[in-house]
Number of protein chains: 2
Amino acid sequence: MARPREFDEDTVLEAATQRFWTNGYEATSMRDLADHTGMTTPSLYNAFGDKRAIYRLVLDRYVRRALESCSAIFGDDDPPLRALERYFDALIEETRADALQKGCFVVNTALEVAPHDADFRDLVTNVFDRIEKYLRDCIANGQSDGTIRTKLPAADLARLFLSATLGIRVLARTSSERELLTGVVRPLFALLRTK
Amino acid sequence: MARPREFDEDTVLEAATQRFWTNGYEATSMRDLADHTGMTTPSLYNAFGDKRAIYRLVLDRYVRRALESCSAIFGDDDPPLRALERYFDALIEETRADALQKGCFVVNTALEVAPHDADFRDLVTNVFDRIEKYLRDCIANGQSDGTIRTKLPAADLARLFLSATLGIRVLARTSSERELLTGVVRPLFALLRTK
DNA sequence: TTTGTTTTATATCGATCGTCATAAAACATG
DNA sequence: CATGTTTTATGACGATCGATATAAAACAAA
């Protein structure tokens, strides 16, 4: 197998993720990636392909982990209301800890890249749909077992919860004193409790 | 006053707005602006300053109009619930008509430019705060006159409504069959109606 | 008509962009 | 040790980036 690689693939992809995530696609150059990964640009091309391919690679990696995290929250046998609580707690905690204001990599992609790139638009749409489905199924389960009392359609509620999630992700990118995200979530749970 | 300008300032700024709005800051070059405004790049520099100044100029113009639109909705003497209805109707209609998936210029700026530019971050924060205040005052008024029955804090509700707005703006940028935005809004009004 | 001022168009600056040709270096296999 | 394969580093390609120097063109004021 010839000359061995001198870099750790996971470390390099993680560094590349950080650059694209914080600065976006256009504002991140291949030389910037090289500097922050410790590789040279030809090595990056040889190992992972061109700039777009690398972006796709690290975004897929990010999405995989994000959806695994979602699966862990909603796949547990926690009661639906408790799962939703964990979902928003995780979202708020991640936002609070986001000192660099990276927000959500998928949402950033949705606004900068997706509008003029069909492949990434499909990816983003797919992620949003899956999150919406997690929320919808969870809410529907809660309505079935009576722990969620509202009679509003689970489909509508899921879309609202998804939109609130995306809105929080937008706010996270501009930060400031706007960490009062609990205020966003509180009425959502009040909504689930009402008849 | 020397040689007269050969361009119409408003037409040029409108064209520049469209380019920055649809493609973002980094993906829009000065030559692209020149092509779509009918001006040459030196004329653009002479008339409006450098790229950042032009972006700021057209964004300010956009914000002014957007806030005027908000002021018209919430400044009318419509009952609070009716004002909120008009607010979301306008948002949904604008999104439906947004064939180019431009979304909201301010939200796009919040994600691409604001994180690494304090001036634009201040602008975005200011706009979000003002919209939140419109919503909060409107909801508080409705609670005072009894047309909004929920006892939830108007501050929390306003933050949720703002987040939902931003979420819709994110969805608008990826479009597809996701025009079921009425589903997002329906539970919000149900929330206002409940005790 | 002359002078002064501003906008125009041409042409181009150095810097940086994404990408790659090239060949030396480091291994496995024979 | 020799051969083949892959990764490495150097250096540079053409294209495009934001921004300007320059001077002609078009007006107002004198």
Side-chain angles (χ1 to χ4, degrees), chain A residues 1-60 108-109 112-114 116-120, chain B residues 1-60 108-109 112-114 116-120:
Chain A
M1 246 295 281
R3 177 172 177 172
R5 290 183 167 182
E6 300 178 1
F7 64 89
D8 178 65
E9 181 164 319
D10 210 64
T11 303
V12 166
L13 292 181
E14 183 56 33
T17 300
Q18 292 298 319
R19 299 309 293 170
F20 277 132
W21 190 357
T22 57
N23 297 334
Y25 181 82
E26 294 287 349
T28 303
S29 69
M30 289 300 294
R31 284 170 178 81
D32 180 273
L33 287 182
D35 291 341
H36 286 84
T37 56
M39 297 178 68
T40 59
T41 50
S43 288
L44 283 171
Y45 277 91
N46 177 67
F48 307 113
D50 64 12
K51 183 181 178 184
R52 188 174 177 278
I54 297 177
Y55 189 86
R56 176 80 201 210
L57 198 63
V58 298
L59 181 59
D60 279 336
N108 299 355
T109 302
E112 191 199 353
V113 184
H116 50 82
D117 191 312
D119 290 337
F120 285 99
Chain B
M1 247 294 281
R3 176 170 177 173
R5 291 183 165 180
E6 299 178 1
F7 63 89
D8 177 67
E9 181 164 320
D10 209 65
T11 305
V12 166
L13 291 181
E14 183 55 34
T17 299
Q18 293 297 319
R19 300 308 293 170
F20 277 131
W21 190 357
T22 57
N23 296 335
Y25 180 81
E26 294 287 349
T28 303
S29 69
M30 289 299 296
R31 285 170 177 80
D32 181 274
L33 287 182
D35 290 341
H36 286 83
T37 56
M39 297 178 68
T40 60
T41 50
S43 288
L44 284 171
Y45 278 91
N46 177 67
F48 307 112
D50 64 12
K51 183 181 178 183
R52 189 174 176 277
I54 297 177
Y55 189 85
R56 176 80 200 210
L57 197 64
V58 297
L59 181 58
D60 280 336
N108 299 355
T109 301
E112 192 200 353
V113 183
H116 51 82
D117 191 313
D119 290 337
F120 285 99

How many whole angstroms separate atom [atom1] of [X] from atom [atom2] of [N]?
X        : N       : atom1 : atom2 : result
Asp8(A)  : dT7(D)  : CG    : P     : 15 Å
Asn46(B) : dA23(D) : CG    : P     : 17 Å
Met39(B) : dT6(C)  : CE    : C1'   : 13 Å
Leu33(B) : dC17(D) : CG    : P     : 11 Å
Lys51(B) : dT20(D) : NZ    : P     : 14 Å
Glu26(B) : dT16(C) : CD    : P     : 14 Å
Leu44(A) : dT19(C) : CG    : P     : 11 Å
Arg31(A) : dG11(D) : CZ    : P     : 14 Å

Is any side-chain N or O of Arg3(A) under 3.5 Å from a base N or O of dT6(D), one able to act as donor and the other as acceptor? no

Looking only at side-chain atoms of [X], point me to the closest of [options].
X        : options                  : answer
Thr41(B) : dA11(C), dT5(D), dT7(C)  : dA11(C)
Phe7(B)  : dT8(C), dA21(C), dT19(C) : dT8(C)
Glu6(A)  : dG18(C), dA11(C), dT8(D) : dT8(D)

Minimal heavy-atom distance between Thr37(B) and Leu33(B), with the atoms involved, is OG1-O, 2.7 Å

How are the rings of Tyr55(A) and Phe120(A) set to each other: parallel, tilted or perpendicular (split at 30° and 60°)? perpendicular

Which residue lies toward the 5' end of DNA chain C, Ser43(B) or Tyr45(A), if each is placed at its nearest nucleotide? Ser43(B)

Ionic contact status for Asp60(A) with Arg56(A), cut-off 4.0 Å: yes

Is Thr40(A) near enough to dT8(D) that one of its side-chain N or O atoms lies under 4.0 angstrom from OP1 or OP2? no

Let me confirm one number: the OH-CD1 distance from Tyr45(A) to Ile54(A), rounded to the nearest 0.5 Å. 7.0 Å

Hey, does the side chain of Glu112(B) reach the backbone of Glu26(B) with a donor-acceptor pair shorter than 3.5 angstrom? yes

